[in-house]
Amino acid sequence: SVDANVIALKAHADREQVLVILYDVTYLRQVEQMQLDFVGNVSHELKTPVTAISGFAETLLAGAKDDPATLEQFLTIIHDESTRLTQLITDILTLSRPSDAPAKHTAVDLAGLVKQALTSLAEPIAEKALTVDVAIPETLTIQSDDVKLSQVVRNLLNNAVFYNREQGTVTVTATTADHQLTLKVADTGIGIATDDQQRIFQRFYRVDKARSRHNGGTGLGLAIVAEMVQQLGGDIDLHSQVGVGTTFTVTLPLA
Ligand code: ADP
């Protein structure tokens with residue numbers, strides 16, 4: 001799309017000249033549209049848990065609280081929806097923060113970051129009886145931004161666990177070569193169809209909304225991963241086969 005400024009110049013008394021300045025605003029319009037879409041999606045996504053919370057609370061207050069089984073069930077839903085709401089707000093704030101702050105460069109213990117992320121996933125890992133293989137040299141210390149890198153690791157591992165099958169495997173490897181770190185997170189889960197592979201990095205895009213919600217997903221995990229990887233000056237790629245599994249490969253330049 002094009003914006004134009006038309007300026008009439010009276011150059012000579014008898015001859016009018018017109019100066020037309022054309023701006024290509026296609027990119028600006030796209031950014032504007034993306035921001036509008038994001039705000040629309042945010043409102044919708046926030047309303048969903050809030051509606052559930054107030055609906056179940058109202059039903060309890062109207063009398064359902066007198067049945068202990070119902071009370072327990074509804075309170076559990078209210079608790080889960082509040083957790084989801086908190087996660088959603090955290091993710092939205094992460095994505096709304098200006099990205100021009102320079103990335104920190106401090107010594108980061110990658111194996112430690114992975115261990116931490118896996119500890120917080122201990123429950124779903126045990127529930128699904130997953131095998132977790134981590135191959136990261138203990139001595140591997142890199143100069144990076146621990147907060148951003150931790151978000152990348154956490155979100156990829158979350159997905160590798162949640163979209164995995166029962167008794168599946170999660171494999172994490174990290175290697176360095178040619179001033180570059182290669183981090184791979186592989187799962188043996190449901191996989192991602194070719195048509196969806198680029199879209200999954202878009203905010204709120206989910207292949208299966210119901211499944212993602214059920215897992216407590218906000219639909220923002222991979223958008224955050226992509227944003228952080230970009231801020232760290234790296235790249236992300238994936239290989240996936242439906243029903244077989246997915247491997248995400250993150251490459252980061254090493255200072
Ligand atoms: P969500 O909170 O929905 O998991 P993400 O941004 O992390 O949001 O992922 C977007 C979508 O990409 C998910 O809803 C899911 O459909 C798909 N996805 C992400 N990671 C995987 C994976 N490891 N295996 C299969 N599908 C995945």
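With sequence neighbours excluded, the residues that form a side chain to side chain donor-acceptor pair (under 3.5 Å) with Asp146 are Lys104. Looking at residues two or more places apart in sequence or on another chain, you find no side chain to side chain donor-acceptor pair (under 3.5 Å) involving Gln35. With sequence neighbours excluded, the residues satisfying side chain to side chain donor-acceptor pair (under 3.5 Å) with Thr26 are Asp24. Applying the side chain to side chain donor-acceptor pair (under 3.5 Å) rule to Asp109 yields no partners; only residues at least two apart in sequence or on another chain are considered. Every residue was checked against the ring-ring contact (aromatic ring centres under 6.0 Å, His included) condition with Phe201, not counting sequence neighbours, and none meets it.
Val152 has its side chain out of reach of Lys148: every pair of non-hydrogen atoms, C-beta onward, lies at least 4.5 Å apart. Taking the side chain as every heavy atom from C-beta outward, Leu46 and Val42 approach each other to under 4.5 Å.
For Ile92 against Ser96, the heavy-atom pair with the smallest separation is O-OG, 2.6 Å. Taking both residues in full, the closest heavy atoms of Gly219 and Ser212 are given as N-OG, 4.5 Å, listed atom of the first, atom of the second, then distance. Closest approach of Gln202 and Ala223 over heavy atoms only: C-CB, 4.4 Å. Considering all non-hydrogen atoms of both residues, Leu183 and Ala174 come closest at CD1-CB, 4.2 Å. Closest approach of Leu252 and Gly234 over heavy atoms only: CD2-CA, 3.8 Å.
Within the hydrophobic cluster formed by Ile, Leu, Val, Met, Phe, Trp and Tyr side chains joined at under 4.5 Å, directly or through other members, Tyr27 is accompanied by Val31.
Atoms NE2 and CG, on His105 and Leu254 in that order, are 10.0 Å from each other to the nearest 0.5 Å. In this structure, the separation between CG on Leu149 and CG on Leu181 is 7.5 Å, given to the nearest 0.5 Å. Atom CD1 of residue Ile224 and atom OG1 of residue Thr94 lie 4.5 Å apart, to the nearest 0.5 angstrom. Distance check, rounded to the nearest 0.5 Å: CG of Leu220 to CG of Asn155 gives 9.5 Å. Atoms CD and CG, on Glu227 and Leu222 in that order, are 13.0 Å from each other to the nearest 0.5 Å. Once rounded to the nearest 0.5 Å, the distance linking CZ of Arg154 with CG of Leu118 reads 9.5 Å.
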Donor-acceptor contacts, no H, no angles, side chain residues 67-81, under 3.5 Å, sequence neighbours left out:
from  : atom 1 : to    : atom 2 : distance (Å)
Asp67 : OD2    : Thr70 : N      : 3.2
Asp67 : OD2    : Thr70 : OG1    : 2.3
Thr76 : OG1    : Glu72 : O      : 2.7

Counting only pairs under 3.5 Å, give me each side-chain donor-acceptor contact of residues 121-137, with atom names and distances, residues two or more places apart or in other chains.
from   : atom 1 : to     : atom 2 : distance (Å)
Lys128 : NZ     : Val161 : O      : 3.0
Lys128 : NZ     : Phe162 : O      : 2.9
Lys128 : NZ     : Asn164 : O      : 2.9

Solution key, residues 240-250 side-chain donor-acceptor pairs under 3.5 Å, sequence neighbours excluded:
from   : atom 1 : to     : atom 2 : distance (Å)
Ser240 : OG     : Ile192 : N      : 2.7
Ser240 : OG     : Gly245 : O      : 3.2
Ser240 : OG     : Thr246 : OG1    : 2.8
Thr249 : OG1    : Lys184 : NZ     : 3.2

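Of the residues listed (Val153, Leu156, Val185, Thr119), the one engaging Val114 in a side chain to side chain contact (heavy atoms under 4.5 Å, CB included) is Val153, and it is the only one.
Note on Leu93: it does not cluster hydrophobically with Val147, by side-chain heavy-atom contacts below 4.5 Å among ILVMFWY residues.
Sorted by first then second residue, the side-chain hydrogen bond (donor to acceptor under 3.5 Å, both in side chains) pairs that include residues 189-199, not counting sequence neighbours, are Asp196-Tyr205, Arg199-Tyr205. Among residues at least two apart or in separate chains, salt bridge (Lys or Arg N to Asp or Glu O under 4.0 Å) pairs with a member in residues 42-53 are Glu45-Arg206, Glu45-Lys209, Glu45-Arg213. Among residue pairs with one or both ends in residues 25-37, those qualifying as salt bridge (Lys or Arg N to Asp or Glu O under 4.0 Å) are Asp3-Arg29, Arg29-Glu32; sequence neighbours excluded.
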Q: Could you walk me through whether Gln231 and Asp145 pass side chain to side chain contact (heavy atoms under 4.5 Å, CB included), step by step?
A: CA-CA 10 Å; Gln231 288 183 22; Asp145 187 310; over 6 Å; no

